[in-house]
Amino acid sequence: MPAKALYIHVPFCERKCNYCAFVSSVPKSGERTLYLEALSAELYMMAGKCRDPFDTCYIGGGTPTMLSPSQWRTLAAAIEKNFTFAAGAEVTVEANPNSMSREHLEVWRSWRVTRVSIGVQSFNDAELSRMGRVHCADEARRAISAALSFGFDVNADLIFGLPGQTFRSWGKTLREAAAGGLSHISLYQLTPEEGTPWGTLTPEELGDGYAPYRWAQWYLPHKGYAQYEIANFARPGHESRHNINYWRSGEYIGTGPAAAGYISGRRYKNTDSLAEYAKCLKSGRLPESESETLPPEKRAREAAVLALRMSSGICAEDFVKKYGAENYRAISAAVESFPQDLYETDCRGIRLTKKGMRVANLIWAEII
Ligand code: SF4
């Protein structure tokens with residue numbers, strides 16, 4: 001298998017946030033051990049199929065810092081036992097401010113972690129509490145400086161469009177993030193997800209998303225963070241290589257409950273249920289619950305949407321080589337049906353302008 005990227009999903013959280021539809025739950029007694037044993041078995045089975053060294057690894061969730069430092073040592077040992085890494089590999093871990101300890105940072109430093117992505121979301125305590133977050137702004141500040149003091153590349157995730165969020169409070173959060181030594185900032189607009197406490201919020205109850213995003217697109221580059229993807233801004237050389245691989249439709253292995261992977265044109269997803277996941281692996285079966293091999297045209301359209309998320313856009317030469325000239329023409333025509341200030345096109349390819357990124361969902365609907 002030629003995949004050069006590994007994703008590991010840790011399905012635990014201390015409490016569910018009001019907006020969150022990710023697969024995670026509060027761990028019951030013994031579940032973390034059950035998870036680690038099953039994950040080790042899955043890594044072993046996947047290792048038989050994947051001999052190439054990984055360029056990137058991303059351990060996300062859920063809340064990976066719900067695993068104790070000693071459980072992290074077990075996890076790192078299981079990864080090392082089964083896989084190899086290329087020199088200079090990027091290894092990212094996600095962390096929540098209140099559960100990330102100094103001991104976690106020590107384990108990561110002594111292993112091969114290079115990036116820590118912290119779920120800050122806001123520097124406003126009232127907003128954090130409304131979201132149902134388990135930490136306050138001061139804990140986020142302390143987590144960022146602790147991770148920086150260990151020499152990691154640090155990302156902060158932030159959310160805009162929250163109910164009751166003012167333009168002023170968003171501005172304060174973003175200013176503080178940009179002044180805090182981070183190498184990467186990810187911005188997410190709140191979207192009401194079915195089945196979550198905030199799933200029934202009406203457009204009137206949600207905060208405005210357009211103006212805060214537009215301001216961030218202007219402000220962050222002035223502070224040295226270039227927008228390289230719709231939701232992501234980085235100091236030069238600090239872009240997330242793992243995520244760039246997704247957006248370039250590269251292959252990756254996904255492990256852990258609910259993780260998705262993409263190998264040889266086939267997408268698969270593991271079962272969401274930890275019990276089912278552990279049961280499958282105990283009986284020597286991979287825990288896939290669904291998989292599909294995309295027909296070439298659908299593959300081309302999905303690849304186009306992913307590539308257009310990035311400021312570099314679609315590279316015409318690569319795209320035609322991979323998906324054919326006819327698909328490239330169809331995608332160009334779909335993009336060119338929009339007003340000209342939303343995209344740029346030339347012999348190198350097609351890309352969205354900053355304005356185009358602000359209405360990207362309309363463009364995706366036309367392509368897919
Ligand atoms: S900490 Fe993250 S994964 Fe867990 S419930 Fe909150 S948003 Fe979801």
Side-chain angles (χ1 to χ4, degrees), residues 7-28 31-32 35 39 58-68 71-72 75 92-101 104 115-144 146-147 154-165 170 173 177 182 184-201 206-207 209 231-232 240 242-243 246 254-260 269-274 277:
Y7 174 75
I8 297 178
H9 188 75
V10 182
F12 304 120
C13 285
E14 193 175 329
R15 178 169 88 194
K16 283 304 279 185
C17 303
N18 289 332
Y19 55 89
C20 179
F22 291 124
V23 176
S24 69
S25 59
V26 180
K28 297 191 193 79
E31 278 192 341
R32 283 175 261 212
Y35 162 76
L39 181 72
Y58 194 105
I59 303 173
T63 305
T65 40
M66 289 294 289
L67 299 177
S68 68
Q71 287 168 327
W72 261 96
L75 172 57
T92 305
V93 297
E94 284 183 347
N96 245 16
N98 61 314
S99 51
M100 188 189 79
S101 65
H104 281 111
R115 291 179 84 236
V116 178
S117 176
I118 302 178
V120 172
Q121 317 309 353
S122 168
F123 286 111
N124 179 303
D125 281 332
E127 288 173 2
L128 289 169
S129 148
R130 275 205 298 283
M131 280 186 260
R133 299 287 300 175
V134 284
H135 61 90
C136 65
D138 269 345
E139 284 173 306
R141 291 180 185 110
R142 283 197 293 273
I144 291 171
V154 182
N155 168 64
D157 285 346
L158 302 175
I159 301 190
F160 63 95
L162 295 167
Q165 186 179 44
W170 170 242
T173 286
L182 300 162
H184 194 285
I185 298 175
S186 300
L187 309 180
Y188 300 100
Q189 178 167 11
L190 179 73
T191 34
E193 299 282 353
E194 220 183 299
T196 66
W198 278 4
T200 52
L201 286 179
L206 287 170
N232 289 284
S240 162
H242 186 83
N243 287 338
Y246 286 134
T255 57
K269 188 181 163 293
N270 282 350
T271 174
D272 289 355
S273 150
L274 174 59
Y277 172 78

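Order of appearance sets the numbers: ligands from 1, and atoms from 1 within every ligand.
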Original post:
With a 4.0 Å cut-off on heavy atoms, is R15 touching ligand 1?
Top reply: yes
**OP:** Give a yes or no on whether the backbone of H104 and the side-chain of S101 come within a donor-acceptor separation of less than 3.5 Å.
**Re:** yes
**OP:** Verify the distance test for C20 against atom 6 (Fe) of ligand 1: any N/O/S atom under 2.8 Å, yes or no.
**Re:** no
Subject >> Donor-acceptor side-chain pairing of N96 and T65 below 3.5 angstrom >> reply: no
Original post:
Looking just at side-chain N and O atoms, do H135 and N98 make a donor-acceptor pair shorter than 3.5 Å?
Top reply: no
Subject >> Polar contact flag, side-chain donor to acceptor under 3.5 angstrom, Y58-E94 >> reply: yes
**OP:** Verify whether one side chain among R130 and Y19 offers a donor that lies under 3.5 Å from an acceptor in the other.
**Re:** no
Original post:
Should you measure from each heavy atom of T63, which atoms of ligand 1 turn up under 4.0 Å away?
Top reply: 1 (S), 4 (Fe)
Original post:
Got a sec: does the CZ of F22 have more than 12 other heavy atoms crowding it under 6.0 Å?
Top reply: no
Original post:
Are any of the heavy atoms in G62 under 4.0 Å away from ligand 1?
Top reply: yes
Subject >> Distance from atom 4 (Fe) of ligand 1 to nearest protein heavy atom, with residue and atom >> reply: C13 SG, 2.3 Å
Subject >> Part of R133 within contact of ligand 1 (heavy atoms, under 4.0 Å) >> reply: side chain
**OP:** Name the closest protein heavy atom to atom 7 (S) of ligand 1, giving the residue it belongs to and the distance to 0.1 Å.
**Re:** Y19 OH, 3.4 Å
Original post:
What part of N96 sits under 4.0 Å from ligand 1 if we count only heavy atoms: the side chain, the backbone, both or neither?
Top reply: side chain
Original post:
Can any side-chain N or O of W72 pair as donor or acceptor with the backbone N or O of P64 at less than 3.5 Å?
Top reply: yes
Original post:
Nearest to atom 6 (Fe) of ligand 1, what protein heavy atom do you find, and at what distance?
Top reply: C17 SG, 2.3 Å
